Amino acid sequence: MSDHLKRLNAPDSWHIAKKTTKFITKTAPGPHNANAMPIAVWLRDHMDYARNMKEVKQILGQNDVIINGRPCRDPRMGIGIFDIISMPKINKYYRILRDKNGRHISIEIDADAAKSRLCKITNKTTITGGKVQLNMRDGANILADNTYKSGDSVEVSLESETRFKILNHFPFAAGNMAMIIGGKHSGKVARIVEIIKMPGSVPNKIILEDETSGTRFDTIAPYIYMVGKQTSAIAKWGIEQ
């Protein structure tokens with residue numbers, strides 16, 4: 001299988017120039033989905049930390065890039081929403097988010113904010129011994145108790161001594177704050193007003209209210225990413241309301 005794809009076929013969420021060269025690095029299987037951006041594209045095309053793939057490999061080979069608390073050496077490794085990218089040697093830290101057009105953007109944060117990240121729970125299973133395993137949107141799995149539900153978000157530690165320890169919990173419930181990560185309202189942060197359960201396999205409909213304008217709009221449950229409780233935690237995540 002090829003390690004490259006044509007730039008013209010690259011996901012729009014990467015927001016890259018389409019006609020500079022014919023090919024671009026393809027995302028390796030791993031965290032997130034097919035829209036995940038390779039760290040090589042982020043370093044070279046988004047942040048200008050490298051001019052070509054040779055420089056990307058040199059940077060990664062020196063363990064200068066840490067993704068979610070672990071050094072990254074694979075230029076094809078995918079990054080996605082709410083991932084934390086740390087470059088401690090130059091004191092640069094970033095959180096990956098989505099803008100209103102559904103494109104990946106990098107929000108610069110401080111070193112303390114880079115010690116944890118937000119994860120969305122997509123499913124939970126019972127494993128051997130009766131333990132509950134939370135299955136995250138980015139492919140990670142965390143052992144926890146049965147108080148968490150699908151659709152909730154949890155803030156987890158990225159520090160080596162407490163890696164994946166749950167620090168905070170944002171339930172998927174009316175009255176709490178959510179970020180929309182898909183559709184025409186992508187990038188908006190609003191408060192959930194109502195969760196309407198739909199029959200069959202149709203995604204549940206979510207009614208939200210913009211805190212600034214007071215206008216209401218709707219989206220579907222897969223596009224919801226919880227980012228706060230009744231007291232908003234928006235500022236902490238570097239998101240503008």
Side-chain angles (χ1 to χ4, degrees), residues 11-16 32-37 42 46 79-85 93-110 112-114 116-123 134 136-138 147-156 166-241:
D12 291 337
S13 61
W14 293 12
H15 191 46
I16 57 173
H32 305 289
N33 55 24
N35 286 330
M37 181 194 303
W42 185 83
H46 272 247
I79 57 174
I81 190 165
F82 282 103
D83 276 349
I84 301 293
I85 302 176
Y93 304 87
Y94 301 93
R95 177 177 287 109
I96 305 300
L97 294 176
R98 296 253 180 95
D99 66 9
K100 63 182 180 180
N101 295 313
R103 302 176 300 197
H104 292 301
I105 56 173
S106 303
I107 305 297
E108 189 166 354
I109 57 177
D110 59 30
D112 285 337
S116 65
R117 68 164 302 208
L118 202 62
C119 298
K120 179 179 179 178
I121 303 170
T122 56
N123 191 21
L134 306 179
M136 302 301 174
R137 185 177 182 273
D138 64 351
T147 60
Y148 305 94
K149 298 179 180 179
S150 296
D152 293 358
S153 292
V154 290
E155 179 187 357
V156 298
I166 296 177
L167 305 175
N168 211 339
H169 175 211
F170 303 128
F172 175 43
N176 290 350
M177 301 297 295
M179 182 178 185
I180 293 82
I181 60 172
K184 66 180 181 180
H185 299 292
S186 178
K188 285 187 178 180
V189 175
R191 191 176 300 279
I192 295 179
V193 175
E194 186 180 2
I195 300 172
I196 303 173
K197 294 187 177 181
M198 306 298 288
S201 60
V202 179
N204 290 339
K205 184 177 180 180
I206 314 299
I207 309 298
L208 303 101
E209 183 175 292
D210 189 309
E211 292 282 274
T212 304
S213 64
T215 57
R216 293 191 176 188
F217 59 93
D218 63 83
T219 187
I220 56 176
Y223 291 164
I224 292 292
Y225 208 119
M226 303 309 299
V227 296
K229 298 180 182 178
Q230 292 184 358
T231 302
S232 175
I234 299 305
K236 179 178 180 180
W237 301 111
I239 310 168
E240 295 182 0
Q241 293 194 60

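Everything quoted here is computed from the prediction, not taken from an experiment.
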Check: Arg95 side chain, Phe82 main-chain N or O, donor-acceptor pair, under 3.5 Å: no

Atom pair CD1/OG of Ile96 and Ser106 - distance to nearest 0.5 Å: 3.5 Å

Test item: Asp138 and Arg117 side chains (from C-beta on) under 4.5 Å apart, heavy atoms: yes

Beyond-backbone contact of Ile206 with Ile180, side-chain heavy atoms, under 4.5 angstrom: no

Option among Leu97, Ile181, Val189 that satisfies the side-chain contact (heavy atoms from CB on, under 4.5 Å) test with Tyr225: Ile181

Donor-acceptor contact present, side-chain Asp99 to main-chain Asn101, <3.5 Å: yes

Rounded distance (nearest 0.5 Å) linking atom NE2 of His169 with atom CG of Asp152: 3.5 Å

Note, Ile107 side chain near Ile105 side chain (heavy atom, < 4.5 Å): yes

Heavy-atom check, side chain of Asn176 versus side chain of Ile192, under 4.5 Å: no

Ser150 side, atom OG; Ile121 side, atom CD1 - distance, nearest 0.5 Å: 7.0 Å

From CG (Asn204) to CD1 (Ile224), nearest 0.5 Å: 11.0 Å

Distance, nearest 0.5 Å, that separates CD1 of Ile81 from CE of Met179: 4.5 Å

Check: Leu208 and Phe217 side chains under 4.5 Å, non-hydrogen atoms: yes

